[in-house]
Amino acid sequence: MNILPHKSWHVRTKANIARVRRDEAKAAEEEKLRQKRIRISSEAPDKHINFFEELEKGEANIVKGNRDYEQEKKEEQEKYEKKIGYLTYLGQDTVESTENTRKKKKSGRKRKLSTSSSSSSSLGEHTDSKRTLNLNDLRAKRLKREREEKERAEKLLAKLRGEPVQK
């Protein structure tokens, strides 16, 4: 039966026959390579690979971190310290560094006072004091967790550097 022999998808066109032969030759070559790899791997003895061997022996060339990230983190810390008035430069008064933040706080207080009702009940004051106590407790717990985590990280880094571990 000879149906549409001029179509590109026809099985018996010269191009399709050549393509099939190329594919078969390529598959045979890949199979030879696969068999060769299997033979080589079966000849070699099984050995456990320890990827952290250099690190465990202390011979690893440890990268000191990402410089860009550390720079960004330092800038954020500096910005925060300037904002709260902790960081001052030589010749700068703490009043000068915190002047802008005080203006913002005062304007915020005025807005808060003007929006709150003039008749504040003792119940509202009680919930505010409870909230601040709860926030203080949460803050203390967070600071404690952060301090413990920092100590663990320092111990690990000291161990990696080969320094004596502080207890």
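Just the heavy atoms: all of them, side chains too, but no hydrogens, waters or symmetry mates, feed the values below. Fair warning: this is a prediction, and the values are worked out from it, not measured in the lab.
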Chemist: Is F52 reachable from L160 through a run of hydrophobic residues whose side-chain heavy atoms are each under 4.5 Å from the next?
Modeler: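 Yes, because L160 and F52 connect within a single hydrophobic cluster, where side-chain heavy atoms sit under 4.5 Å apart.
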Chemist: Quick one: are K73 and Q77 in side-chain contact, heavy atoms under 4.5 Å?
Modeler: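 They are not in contact (no side-chain heavy atoms under 4.5 Å apart), so the answer is no.
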Chemist: Evaluate the side-chain proximity of Q35 to R39: yes if any heavy-atom separation is below 4.5 Å, no if none is.
Modeler: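 They are not in contact (no side-chain heavy atoms under 4.5 Å apart), so the answer is no.
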Chemist: Which heavy atom of I17 sits nearest a heavy atom of V11, and at what distance?
Modeler: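 Of all heavy-atom pairs spanning I17 and V11, the closest is CG1-O, 3.9 Å.
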Chemist: So, are K74 and E70 salt-bridged, with charged N and O less than 4.0 Å apart?
Modeler: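 No.
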Chemist: Got R34 and E31 here, is their nearest side-chain heavy-atom distance under 4.5 Å?
Modeler: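 Side-chain contact under 4.5 Å: yes.
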Chemist: Please report the interatomic distance CG(N66) to CD(Q71), rounded to the nearest 0.5 Å.
Modeler: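 The CG atom of N66 sits 11.0 Å away from the CD atom of Q71.
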Chemist: Below 4.5 Å, heavy atoms only, C-beta onward: do R37 and I40 meet side chain to side chain?
Modeler: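 Heavy-atom side-chain distance check fails, nothing below 4.5 Å.
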Chemist: Is there a salt bridge (Lys or Arg N to Asp or Glu O under 4.0 Å) between E24 and R21 once you walk through the steps?
Modeler: CA-CA 5 Å; E24 287 175 348; R21 287 182 181 154; over 6 Å; no
Chemist: In a check of side chain to side chain contact (heavy atoms under 4.5 Å, CB included) between E146 and each of E148, R142, K144, which one passes?
Modeler: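 The residue from E148, R142, K144 that satisfies side chain to side chain contact (heavy atoms under 4.5 Å, CB included) with E146 turns out to be R142.
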Chemist: Between K57 and E53, does the salt bridge (Lys or Arg N to Asp or Glu O under 4.0 Å) criterion hold? Intermediate values first, please.
Modeler: CA-CA 6 Å; K57 290 180 180 178; E53 184 175 1; 3.1 Å; yes
Chemist: With rounding to the nearest 0.5 angstrom, report the NZ to CD distance, K83 to E78.
Modeler: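 Between atom NZ of K83 and atom CD of E78 there are 15.5 Å.
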Chemist: To the nearest 0.5 angstrom, please state how far the CD1 atom of I38 sits from the CG atom of L33.
Modeler: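 Atom-to-atom, I38:CD1 and L33:CG are 11.0 Å apart.
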Chemist: Which atom names give the shortest non-hydrogen contact between A158 and P164, and what distance separates them?
Modeler: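 It is CB-O, 4.3 Å.
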Chemist: What distance separates K14 NZ from R19 CZ, expressed to the nearest 0.5 Å?
Modeler: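 With rounding to 0.5 Å, NZ (K14) is 15.5 Å from CZ (R19).
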